[in-house]
Protein chains: 2
Amino acid sequence: MQLDRLVNFHKTVGDKTRLRIIGLLKEGPLHGQAIAGKLGLTPPTISHHLTKLKEINIVYQRRHKNTIYYNLNEKHLAFLAESIIKLGDEDMNEAFKVSEEEKHNILKNFLDSDGKLKTLPSQLKKRLIILEHILKGFEIGRTYSELEINQHIKKFHDDFATIRREFINNHFMTRNRGYYELNPRELWRI
Amino acid sequence: MQLDRLVNFHKTVGDKTRLRIIGLLKEGPLHGQAIAGKLGLTPPTISHHLTKLKEINIVYQRRHKNTIYYNLNEKHLAFLAESIIKLGDEDMNEAFKVSEEEKHNILKNFLDSDGKLKTLPSQLKKRLIILEHILKGFEIGRTYSELEINQHIKKFHDDFATIRREFINNHFMTRNRGYYELNPRELWRI
DNA sequence: CATCTAATTAGATTATAATCTAATTAGATT
DNA sequence: AATCTAATTAGATTATAATCTAATTAGATG
């Protein structure tokens with residue numbers, strides 16, 4: 001399910017007249033003029049809305065003699081309606097979610113044998129994993145002086161100032177009158 | 001669930017930016033500027049969209065120090081998303097759906113002891129039930145002459161012309177070069 | 001092929017809303 | 001109180017779309 005399709009679905013059903021049509025068709029097929037009559041609107045208006053409902057495939061038509069009966073495709077309606085709940089379950093995986101295995105590989109690539117950082121990755125995703133790793137030495141709820149922070153970071157990398165700044169920018173820590181504190185995990189950017 | 005609420009939900013999520021925000025927040029809370037940065041939009045724009053998402057109660061906020069973290073209310077999102085599938089299950093019942101019991105009562109009120117129609121109800125809902133009752137004497141797939149139709153209707157009511165016209169208008173039957181034929185049930189207006 | 005009915009298209013009007021820049025507000029820290 | 005940061009509001013611009021009337025098309029029937 002691509003995003004634009006989902007946007008289009010919600011745009012389409014985000015209209016009072018069209019929802020009322022869906023409500024009517026749930027009861028069974030109806031022809032255009034019947035819908036117009038029941039809703040107090042003109043046939044062209046109904047035609048306009050039915051076109052949009054047909055475009056997203058939740059309404060289809062069957063002709064009988066001279067009149068066209070419009071039917072609701074309830075299966076597809078349900079599928080589209082539920083898609084927003086699953087939003088990202090496919091897409092995001094590729095772009096953002098990181099498996100434990102991936103994390104392991106990234107750490108292996110950027111840390112040398114004695115655990116020191118070779119370089120700070122420039123790619124955000126990788127950098128966050130490195131930062132999270134360095135962060136493991138801190139306890140939640142405790143405050144640390146800048147000196148303590150620096151000393152801990154130096155075990156991984158000489159440029160402690162950059163890493164310290166990254167901690168703040170990515171909401172891993174908060175600085176308060178010269179002292180640092182770990183943020184609650186749910187606020188981290190990872 | 002009233003219709004306007006449902007319209008408003010779909011209107012709100014029927015926007016690419018807002019769906020992207022929902023996708024981001026599914027991964028966990030984020031603050032405004034982070035969202036703006038990730039989506040390449042300005043903070044005011046994000047603020048605008050978050051307001052709308054908060055209005056329908058699928059996003060709530062928690063302040064931590066100076067920054068506000070926005071969270072997704074997945075439970076309520078799921079509830080709203082699924083509402084369209086159940087559209088009418090409550091509302092329609094009252095206004096349109098007719099129980100067998102109700103049908104029985106209407107028939108009792110408008111037919112006298114020997115099964116003759118006292119008057120044709122003016123209320124559409126009731127009239128359809130009466131028409132459906134009279135229609136039961138016809139077989140699907142067979143054609144009837146106008147005379148046959150009239151004779152059958154006369155068993156219920158003297159004004160066969162009116163009833164015959166009602167059959168056509170409500171798509172119970174089709175007239176074809178003076179002969180009448182029952183439409184498939186799914187095309188009826190009932 | 002003429003006619004009828006139902007549906008659709010064209011075009012105009014009017015309303016809604018997404019986004020930006022600039023200005024303001026709210027809260028936290030010094 | 002003064003200052004900093006993040007969020008919001010105001011106002012303008014631009015794009016989108018719901019609905020109508022009038023005209024046209026599509027299909028079925030005579």
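Chain naming here is simple, since letters A, B, ... match the order of the sequence lines and numbering starts at 1 in each.
Distance B/Asp15 CG to C/dT16 P: 17 Å, rounded to the nearest Å. Rounded to whole Å, atom P of C/dT19 lies 14 Å from atom CD1 of B/Ile35. When rounded to the nearest whole Å, the span between NZ of A/Lys52 and P of D/dT16 equals 11 Å.
B/Asn71 approaches B/Arg62 most closely through the heavy-atom pair OD1-N, 4.3 Å.
For the pair A/Lys118 (side chain) and A/Asn109 (backbone), a donor-acceptor distance under 3.5 Å is present.
Salt-bridge formation is not detected for the pair B/Asp4/B/Lys11: no Lys NZ or Arg NE/NH1/NH2 atom is positioned less than 4.0 Å from an Asp or Glu carboxylate oxygen.
Summarising the base pairing, D/dA23 is matched to C/dT8 through a Watson-Crick or G-U wobble pair whose two defining distances lie under 3.5 Å. Base pairing annotation: C/dT30 forms a Watson-Crick or G-U wobble pair with D/dA1, both donor-acceptor distances under 3.5 Å. A 3.5 Å limit on both hydrogen-bonding distances identifies D/dA15 as the Watson-Crick or G-U partner of C/dT16.
DNA chain D is contacted by both A/Lys11 and A/Thr42; A/Lys11 maps to the nucleotide lying nearer its 5′ end (nearest heavy atom per residue).
The side chain to side chain donor-acceptor pair (under 3.5 Å) test applied to A/His49 returns A/Arg18, not counting sequence neighbours.
Residue B/Phe9 holds its CZ atom at 10.0 Å from CG of B/Leu53, rounded to the nearest 0.5 Å.
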With B for base contact, S for sugar-phosphate-only contact and - for none (protein heavy atoms under 4.0 Å), nucleotides 1-15 of chain C reads ----BSSBB------
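Distances shorter than 4.0 Å separate none of the side-chain N or O atoms of A/Thr45 from OP1 or OP2 on D/dA18.
Aromatic pair A/Phe156/A/His133: centroids less than 6.0 angstrom apart.
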